[in-house]
Amino acid sequence: MEQAVKKLQDEITGSQSNPYIQVIGNFLIQHVQAHPECAEKILDKGKSIAKSLEAMKNEAKKKQSNGMAMLTDAEGYAIVLKYFEIDGQPVQAVQTIQPEPEVSRFDVKLDDFM
């Protein structure tokens, strides 16, 4: 299992500019930790997180209407597992990307001018 996690972490580290690699990689790490029997399928040298995103893209193209398509989280993760030939349901609790809240630097009260 450690080798599978290392392979995923190496791809995540090598693709810092692609947040989707981060999300899918973290999902797969959680899945492998919950299901260590899947580790060998992750270690397949011909398979990668990036290629699983291509599989997801191709499935989305099949569903497109007027040039737009949408997959739910469950559909996307199921496609990733299918790409890696992993049976079963995706593990929940995948981190989502949240924008940082805006903090106002302007804090002046009327009493400050009196």
Side-chain angles (χ1 to χ4, degrees):
M1 180 181 77
E2 287 87 20
Q3 290 177 331
V5 171
K6 182 178 181 332
K7 177 186 174 188
L8 294 167
Q9 287 174 332
D10 287 348
E11 188 171 353
I12 290 170
T13 302
S15 303
Q16 291 289 328
S17 62
N18 186 338
Y20 302 112
I21 297 275
Q22 315 288 314
V23 172
I24 298 301
N26 287 325
F27 158 72
L28 286 169
I29 288 171
Q30 289 178 359
H31 193 83
V32 167
Q33 289 172 336
H35 303 282
E37 68 276 8
C38 300
E40 275 192 40
K41 295 184 177 181
I42 298 292
L43 288 171
D44 185 330
K45 291 184 180 182
K47 306 238 178 208
S48 67
I49 300 168
K51 290 180 181 175
S52 75
L53 288 171
E54 282 296 319
M56 199 182 309
K57 181 179 169 182
N58 291 334
E59 286 297 319
K61 281 183 179 177
K62 293 177 187 174
K63 298 176 86 175
Q64 75 176 342
S65 174
N66 293 327
M68 296 188 313
M70 184 176 145
L71 297 172
T72 64
D73 288 352
E75 289 171 325
Y77 295 135
I79 292 167
V80 169
L81 291 181
K82 182 179 175 186
Y83 165 79
F84 279 99
E85 300 176 17
I86 296 172
D87 294 327
Q89 297 295 316
V91 173
Q92 295 293 325
V94 173
Q95 176 185 355
T96 58
I97 299 171
Q98 299 289 330
E100 291 186 26
E102 270 190 44
V103 178
S104 174
R105 292 186 214 165
F106 188 76
D107 185 24
V108 178
K109 297 176 180 75
L110 185 57
D111 290 337
D112 293 342
F113 297 104
M114 297 183 148

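The structure presented is a predicted model; accordingly, all values stated were derived computationally and were not measured.
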Answer yes or no: is there a side-chain heavy-atom contact under 4.5 Å between Ile49 and Asn18?
no

So with a 6.0 Å cut-off around CD of Gln33, is the heavy-atom count from everything else above 12?
yes

With rounding to the nearest 0.5 angstrom, report the CG to CD1 distance, Asn26 to Ile21.
11.0 Å

About how many Å separate NZ of Lys7 and OG of Ser48, when rounded to the nearest 0.5 Å?
7.0 Å

Between the main-chain N or O of Gly25 and the side-chain N or O of Glu11, is there a donor-acceptor pair closer than 3.5 Å?
no

Counting distance only, does the side-chain N/O of Asn66 pair as donor-acceptor with the main-chain N or O of Met68 below 3.5 Å?
no

Is there a side-chain contact between Phe84 and Ile42 (heavy atoms, below 4.5 Å)?
yes

Taking atom CD of Glu2 as the centre, does the number of heavy atoms from other residues, nucleotides or ligands within less than 6.0 Å exceed 12?
no

Quick check: closest heavy atoms across Ala69 and Ala60, and the distance to 0.1 Å?
CB-O, 3.1 Å

Could you walk me through whether Val23 and Tyr77 pass the side chain to side chain contact (heavy atoms under 4.5 Å, CB included) check?
CA-CA 10 Å; Val23 172; Tyr77 295 135; 3.7 Å; yes

Provide the closest heavy-atom pair for Val32 versus Ala4 in the form atom of the first, atom of the second, distance.
CG1-CB, 4.3 Å

To the nearest 0.5 Å, how far apart are CD1 in Ile29 and NE2 in His31?
13.0 Å

Rounded to the nearest 0.5 Å, what separates atom CD in Glu54 from atom CE in Met56?
10.5 Å

Is it the case that more than 12 heavy atoms not belonging to Glu40 sit under 6.0 Å from its CD atom?
no

Ignoring hydrogens and angles, tell me if any N or O in the side chain of Gln16 forms a donor-acceptor pair with the backbone of Gln22 under 3.5 Å.
no

Same cluster or not: are Leu43 and Met1 linked, directly or through other Ile, Leu, Val, Met, Phe, Trp or Tyr residues, by side-chain heavy atoms under 4.5 angstrom apart?
no

For Val80, run the side-chain contact (heavy atoms from CB on, under 4.5 Å) check against Leu28, Leu53, Ile86 and tell me which one passes.
Leu28

I'd like to know if the side chain of Lys47 and the backbone of Tyr83 have a donor-acceptor N/O pair within less than 3.5 Å.
yes

For Glu59 and Lys62, what are the C-alpha separation, side-chain angles and deciding distance, and is it a salt bridge (charged side-chain N to carboxylate O under 4.0 Å, His left out)?
CA-CA 5 Å; Glu59 286 297 319; Lys62 293 177 187 174; 3.0 Å; yes

Would you indicate whether the side-chain heavy atoms of Leu81 and Phe27 approach each other to under 4.5 Å?
yes

Measure from the side-chain N and O atoms of Lys41 to the backbone N and O of Asp87, and report whether any donor-acceptor pair falls under 3.5 Å.
no

